[in-house]
Q: 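Quick one: structure below, then a few questions.
Per chain, numbering begins at 1; letters A, B, ... match sequence-line order. Predicted model only: the values in this text are computed from it and were never measured.
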2 protein chains.
Amino acid sequence: MATSDGRDTRWEQHRQDRRRELVSHALRAIRSQGAGVGMEEIAVRAGTSKTVIYRHFGDRAGLYAAVVESVHDYIHARISERLLLADAADLGKLVADLADAYLGLVERDPEIYRFVLARPATASSPETDATVSLVDMIGNHVTAAIAGHLAARGLDDTVATTWGHGLTGFIRAAADHWMASPERPPRAQVVQHISSVFTPGFAGAMTGDT
Amino acid sequence: MATSDGRDTRWEQHRQDRRRELVSHALRAIRSQGAGVGMEEIAVRAGTSKTVIYRHFGDRAGLYAAVVESVHDYIHARISERLLLADAADLGKLVADLADAYLGLVERDPEIYRFVLARPATASSPETDATVSLVDMIGNHVTAAIAGHLAARGLDDTVATTWGHGLTGFIRAAADHWMASPERPPRAQVVQHISSVFTPGFAGAMTGDT
DNA sequence: AGCAGATACCCCGAGTATCGGGTAGTGTCC
DNA sequence: GGACACTACCCGATACTCGGGGTATCTGCT
């Protein structure tokens, strides 16, 4: 059944296009109005009205998810080749690249970053809260990479989650305070400081005992 | 002039008492109603009305600050003796104790933790946002400890901020995912995993080059 | 036939204005 | 120096405003 009525499917392309377009407008709105933009303002910026936004994204959390996905693509594109860990030293490179990409985002688009960080507090019970934040997504990648590396060597991988998300959390916290600091030292220096912790740390931990 | 009119000052004691009492009621309200409690509900729980809350705390951010301070006391009491770093190995102990205290909070009082994590988005410009979150406070302690240790050895201490807050962010992220995970392994195991990263890592980094 | 889009609305929670007591410190009159 | 009104300041409650997320309903396009 459902042999794709032409009248159903003919909007598919339009929907995809419009959605991308709306996300792009939302990004612009966030940049100019700040991370606390209202749905109304986003709609106006896109030259339309709230109804359209809600039809396409359901609610604010839906729009948030779309924006997060868009930002995530940016980050992921810069670390994807590092996610395959051949040996322990590769993790150091992953950390360095991830930190650089992350700080790059903070530096270039602070308002977008702030928006993406402010996970919308769904009024429903926190158990059924399916909203995934940016750091969650990145953390999952790192976790998977570490887990893969450990599994390939027959090691226990319950550690992977802690390390993967912890690592991401380290970078996030460093970035947050770098952003807030008045002097704001050069990005490369902070990246260097981050790497200097993890390069020897994980190298030892991953080859030795847990 | 103004030789402290007794009518001004006679409320001091009462105010302190009442404030503590209100914070305590707020904690109870958060526990039973969840992290998203409204001001109204908190007031009702305290057997009074919103006006009282607003008179004592100014706004929601003020109440948030009071709750954060209260929770911070709990954490700080458990790590204060570790904050004086004699040698590099002491940092490993600090990490272990901090992680244990932090995870302990998450385990015993998840709703309080969630509340404390949800930094209220002040509508004003983010520049003048003086609200300090729990992780900020903890991160500042760790930063100060590291900075002190480095300074005592004549090392550059611009690293301290990155390491101090990064470290705290690591624990926070690990805790967040531990809390969200369905199986939730024993606390001691996660603490062990966290320590295993930092004990060798900082030991190497703090004695060697930057 | 069926969806896109706009307008006008609802709802809920943060924050405020205003009112009526209550009580300890302060001045005054003897 | 003690009894009296008085004042300064607080406490607490009800009833509001205001703003933003989310929705009901209508028109129009293809």
Q: When the ring centroid of A:H165 is compared with that of A:H141, is the distance short of 6.0 Å?
A: no

Q: Closest nucleotide of DNA chain D for B:R15 versus for B:T48: which of these residues is on the 5' side?
A: B:R15

Q: Using a cut-off of 4.0 Å between protein heavy atoms and nucleotide atoms, how would you tag nucleotides 10-21 of chain C 5' to 3' with B, S and -?
A: ----BBBB----

Q: Classify A:S49 by what it touches in the nucleic acid, base, sugar-phosphate, or nothing, heavy-atom distance under 4.0 Å.
A: base

Q: Quick one: is D:dG12 close enough that its OP1 or OP2 comes under 4.0 Å of any side-chain N or O from B:R18?
A: yes

Q: Taking the side chain as every heavy atom from C-beta outward, state whether A:D136 and B:H177 have any atom pair closer than 4.5 Å.
A: yes

Q: Checking side-chain contact (heavy atoms from CB on, under 4.5 Å) for the pair B:Y113/B:D176: CA distance, chi angles, key distance, verdict?
A: CA-CA 10 Å; B:Y113 177 66; B:D176 286 358; 2.6 Å; yes

Q: Verify side-chain hydrogen bond (donor to acceptor under 3.5 Å, both in side chains) between A:S24 and A:R28, making sure each step is shown before the conclusion.
A: CA-CA 6 Å; A:S24 160; A:R28 271 191 274 278; 2.9 Å; yes

Q: Centroid separation under 6.0 Å, is that true for the rings of A:F57 and A:Y64?
A: no

Q: Does the side chain of B:R172 pick up a donor-acceptor pair with the side chain of B:T168 at under 3.5 Å?
A: no

Q: Could you state the CG-P distance from A:D17 to C:dC3, rounded to the nearest angstrom?
A: 18 Å

Q: Give the rounded distance in Å between these two atoms: CZ of A:R19 and C1' of C:dA4.
A: 17 Å

Q: What is the separation between atom CD1 on A:I53 and atom C1' on C:dA6, rounded to the nearest whole Å?
A: 13 Å

